[in-house]
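Notes follow once the structure below has been shown.
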Amino acid sequence: MFNNRIKIKTLLSGDAAGQQVTVMGWVRSFRNNQFIALNDGSTNNNLQVVVELGQLDEPTLKRITTGASLKITGQVVESLGKGQKLEVKATTLEILGDCDAEKYPLQLKNRPSLEYLREIAHLRFRTNTFGAIFRVRHALAFAIHEFFNKQGFVYLHTPIITASDAEGAGETFRVTTLPFDNPPRTAAGEIDFAEDFFGKSTNLTVSGQLEGELGAMAFSEVYTFGPTFRAENSNTTRHLAEFWMIEPEMAFYDLEDNMNLAEAFIKYLIGYVMTNNREDLEFLDQRLAEEEKQKPQAERSEMGLIEKLEFVLNNNFERITYTEAIRILLDSPAYKKKKFKYDVSWGIDMQSEHERYLVEKHFKKPVIVTNYPKDIKAFYMRLNDDGKTVAAMDILAPGIGEIVGGSQREERLEKLEGRMHDMHIPTEELNWYLDTRRYGAVPHAGFGLGFERIVLFVTGMTNIRDVIPFARTPKNCEF
RNA sequence: UCCCGAAUAGCUCAGUUGGUUAGAGCAUCUGACUGUUAAUCAGAGGGUCACAGGUUCAAGUCCUGUUUCGGGAGCCA
């Protein structure tokens, strides 16, 4: 600590009885004009602060409201009450910031809904649910860097503003300083981006992969972890216009190596949180169980949150080829009873219902699907010897769907140019990318993992807007 | 963007077949009590029934449009 207060988590987990301490935090509840439940965000557990009757004057007492911030000094003592081992007997109490109870929109005893809390996202961190979620989110971010650092990867910052959407990963947000009421025009009447800030049309990145590959061709192993932007009009529980993505890129890796890394990576993240955020996970586990109770029997999940995470940790991900996946679907009772809305045949891009069947009904664990038909995958994926499929791999997680998308990259120049030509991707703009295939090309692979999706999976939350502090979605850019 | 559903007090929700003055719990305020654990008990205040039209003697309730939100689908991470 760099100031003279003690964090509530430290206080509660240590043997501090008898010590004189200073604590600061926000009031969660004030009972009996005597007992303050104080929280400072270090843990969901509140510290009980006891003030003697008559110790404070009436006006001060009235200012101790839910949400008010306090500085308290006092002695740590064994609690007389049953709810907690330790409590602090206040000797001085200073109100740092008042909180008008009549106006404060976050009255915890009202059991506010997640939907309501999304509207007051600036205050929702002060709830147990969002406290737990964002401490877990932090831990996952930290674990990501720890994992790659241990493996000798270089953290590469790829650009946020780029000049092309060559990957075709989605609609982009345009970046420009041109006046939109009267932009400069070319002789042909089109907007003249030569006059723009960068002298060309630019947009926010939809992926750092192509730049990541450049780094991998020197450092062998790199990863990116940064914001990504897609201007798709997606209104779902698992899409954001601004999200965070992790994209490792490894030279000398084939598809198999790529899968091994991805699986070890996900398990590392889960394992990290299981040991370092136990209390928060237990809270989220309980929260999920409460929520499941509201659902009809048939819709309830079979496993609790912690149980699910342990299961994933202790079992290998199922690995099947696309062709096998299609065969399983065609042989499934669901298909034979015509339960699928969309038809199944080799060559289709699997629909959500198909992926859910494989993951949630058939295998009941994460599944890695490999070797997809080339026609439904991106140009940079390595063409297999059969000429029909590419060395792609998607990891599908129960309840979330696609959590990882990756592939071995096409390192053979002629084949890559051929694919780009077939898919009408201009090679001139990507000369810098093609240079990696001209000068010392090596087999390499990589994948992208949606950060918020892994946070969803680990916290058991179901709406992606609840696992990012301030969600950006179509028609919503508050805060 | 498409399909389905919703919008009533600060929050969570009821509101019957269209019928008189709009209901509850919690929160808030006032008072009581004082080792409480979402403290408890008593009382009080609090409503443009999302918005705009329409049907009707009469609309929170029926119809149309708009907005926002939720769930599902597509796009994907």
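By convention in this document, chain letters (A, B, ...) are assigned in the order of the sequence lines, proteins followed by strands, and residues within each chain are numbered from 1.
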Taking the same atom, C1', in rG23(B) and in rU56(B), what whole-Å distance lies between them?
-> 26 Å
Between rA39(B) and R31(A), is there an OP1 or OP2 to side-chain N/O distance shorter than 4.0 Å?
-> yes
Please work out if R118(A) contacts a base, only the sugar-phosphate, or nothing of the nucleic acid, heavy-atom cut-off 4.0 Å.
-> sugar-phosphate
Mind checking T236(A) for me? I need base, sugar-phosphate or nothing, with any heavy atom below 4.0 Å counting as a touch.
-> base
In RNA chain B, stems of three or more consecutive pairs, Watson-Crick or G-U, each with both distances under 3.5 Å, turn out to be B:1-7 with B:67-73, B:10-13 with B:23-26, B:28-32 with B:40-44, B:50-54 with B:62-66
Write down the protein N/O and nucleotide N/O pairs, taken from nucleotides 9-11 of chain B, whose separation is under 3.5 Å; answer none if there are no such pairs.
from	atom 1	to	atom 2	distance (Å)
rG10(B)	N2	N110(A)	OD1	3.1
rG10(B)	N2	N110(A)	ND2	2.6

For rC2(B) versus rU61(B), give the span between their C1' atoms, rounded off to a whole number of Å.
-> 29 Å
R356(A) bridged to E353(A) by N-O distance under 4.0 Å = no
Whole-Å distance, L108(A) CG to rA39(B) C1', equals 16 Å
Close approaches to RNA chain B from residues 450-459 of chain A, in residue order (heavy atom, under 4.0 Å) | G450(A), R453(A)
Is there a side-chain polar atom (N or O) of R465(A) under 4.0 Å from OP1 or OP2 of rC69(B)?
-> no
rG74(B) OP1/OP2 closer than 4.0 Å to side-chain N/O of Q351(A) = yes
Which part of the nucleic acid does Q48(A) contact within heavy-atom distance under 4.0 Å: base, sugar-phosphate only, or nothing?
-> base
Measure from CG on N233(A) to C1' on rU1(B) and round the result to the nearest Å.
-> 6 Å
Nearest-Å distance once atom P is located in both rG31(B) and rC49(B) | 33 Å
Can a side chain N or O of S352(A) be found less than 4.0 Å away from OP1 or OP2 on rG74(B)?
-> yes
Any chance the rings of F243(A) and F229(A) have centres within less than 6.0 Å?
-> no
Does a distance-only test, which skips hydrogens and angles, find a donor-acceptor pair under 3.5 Å between the side chain of E115(A) and the base of rU12(B)?
-> no
Could you tell me the separation between the CG atom of L106(A) and the P atom of rC26(B), rounded to a whole number of Å?
-> 19 Å
Along RNA chain B (nearest heavy atom to each residue), the more 5'-positioned of N32(A) and G448(A) | N32(A)
Please report, rounded to the nearest Å, how far the P atom of rC75(B) is from the NE2 atom of H354(A).
-> 12 Å
Between rU8(B) and rU68(B) - C1' atom distance, rounded Å | 16 Å
Side-chain-base donor-acceptor pair under 3.5 Å for E87(A) and rG35(B) | yes
Choosing from rC29(B), rA77(B), rC69(B), which nucleotide comes nearest the side chain of F243(A)?
-> rA77(B)
Return the value, rounded to whole Å, for the distance between atom CD of E171(A) and atom P of rA77(B).
-> 14 Å
Is it true that a side-chain atom of R126(A) and a backbone atom of W26(A) form a donor plus acceptor pair closer than 3.5 Å?
-> no
Donor-acceptor under 3.5 Å (T370(A) side chain, A392(A) main chain) | no
Give every donor-acceptor pair under 3.5 Å between a side-chain atom in residues 448-456 of chain A and any protein atom, sequence neighbours left out.
from	atom 1	to	atom 2	distance (Å)
E452(A)	OE1	W244(A)	N	3.0
E452(A)	OE2	R137(A)	NH1	3.0
E452(A)	OE2	R137(A)	NH2	3.1
R453(A)	NE	R238(A)	O	3.2
R453(A)	NH1	E402(A)	O	2.8
R453(A)	NH2	R238(A)	O	2.9

Decide whether R174(A) and S201(A) meet the rule of one side-chain donor and one side-chain acceptor closer than 3.5 Å.
-> yes
Would you say the ring centroid of F470(A) lies under 6.0 angstrom from that of H122(A)?
-> no
Applying side chain to side chain donor-acceptor pair (under 3.5 Å), which residue pairs with at least one partner in residues 110-121 of chain A are found, sequence neighbours left out?
-> R118(A)-D466(A)
Can you tell which of D100(A), L96(A), I95(A) makes a side chain to side chain contact (heavy atoms under 4.5 Å, CB included) with D98(A)?
-> I95(A)
Atom pair distance, as rounded to whole Å: NZ in K82(A) and P in rA38(B) | 14 Å
Which part of the nucleic acid does I403(A) contact within heavy-atom distance under 4.0 Å: base, sugar-phosphate only, or nothing?
-> sugar-phosphate
Look at all strands and tell whether G81(A) reaches a base, only sugar-phosphate, or nothing, counting heavy atoms closer than 4.0 Å.
-> base
Polar side-chain atom of E232(A) near backbone of E171(A) as donor-acceptor pair, under 3.5 Å = yes
Distance between the P atoms of rG25(B) and rU21(B), in whole angstroms?
-> 23 Å
The single option from Y268(A), F225(A), F265(A) that satisfies side chain to side chain contact (heavy atoms under 4.5 Å, CB included) with F148(A) is F265(A)
What residue pairs, at least two apart or across chains, pass salt bridge (Lys or Arg N to Asp or Glu O under 4.0 Å) with a residue in residues 51-61 of chain A?
-> E52(A)-K89(A), E58(A)-K62(A)
Describe the nucleic acid contact of E355(A) in one word from base, sugar-phosphate, nothing, applying a heavy-atom distance below 4.0 Å.
-> nothing
Electrostatic pair E478(A)-R472(A), nearest N-O below 4.0 angstrom | no
Is there a side-chain polar atom (N or O) of N463(A) under 4.0 Å from OP1 or OP2 of rG71(B)?
-> yes
Please state how far atom CZ in R28(A) lies from atom C1' in rU37(B), giving the value in whole angstrom units.
-> 14 Å
Roughly, in whole Å, what's the span from CZ in F229(A) to C1' in rC76(B)?
-> 16 Å
Under 30°, 30 to 60°, or over 60°: which ring-plane class applies to F142(A) and Y272(A), parallel, tilted or perpendicular?
-> tilted
Donor-acceptor pair under 3.5 Å, S234(A) side chain vs rC76(B) base | no
What integer number of Å spans the C1' atoms of rA9(B) and rU17(B)?
-> 27 Å
Between rA39(B) and rC26(B), how far is it from one C1' atom to the other, in whole Å?
-> 14 Å
With the side chain of K109(A) defined as its heavy atoms from C-beta on, choose the nearest nucleotide among rA39(B), rU30(B), rA73(B).
-> rA39(B)
For the residue pair Y155(A) and H157(A), is the inter-centroid distance of their aromatic rings smaller than 6.0 Å?
-> yes
Phosphate contact (rG72(B) OP1 or OP2) by T237(A) side-chain N/O below 4.0 Å = yes
Take E402(A) and K475(A), find for each the nucleotide of RNA chain B with the closest heavy atom, and name the residue whose nucleotide sits nearer the 5' end.
-> K475(A)
In whole Å, what separates the C1' atom of rA59(B) from that of rG19(B)?
-> 10 Å
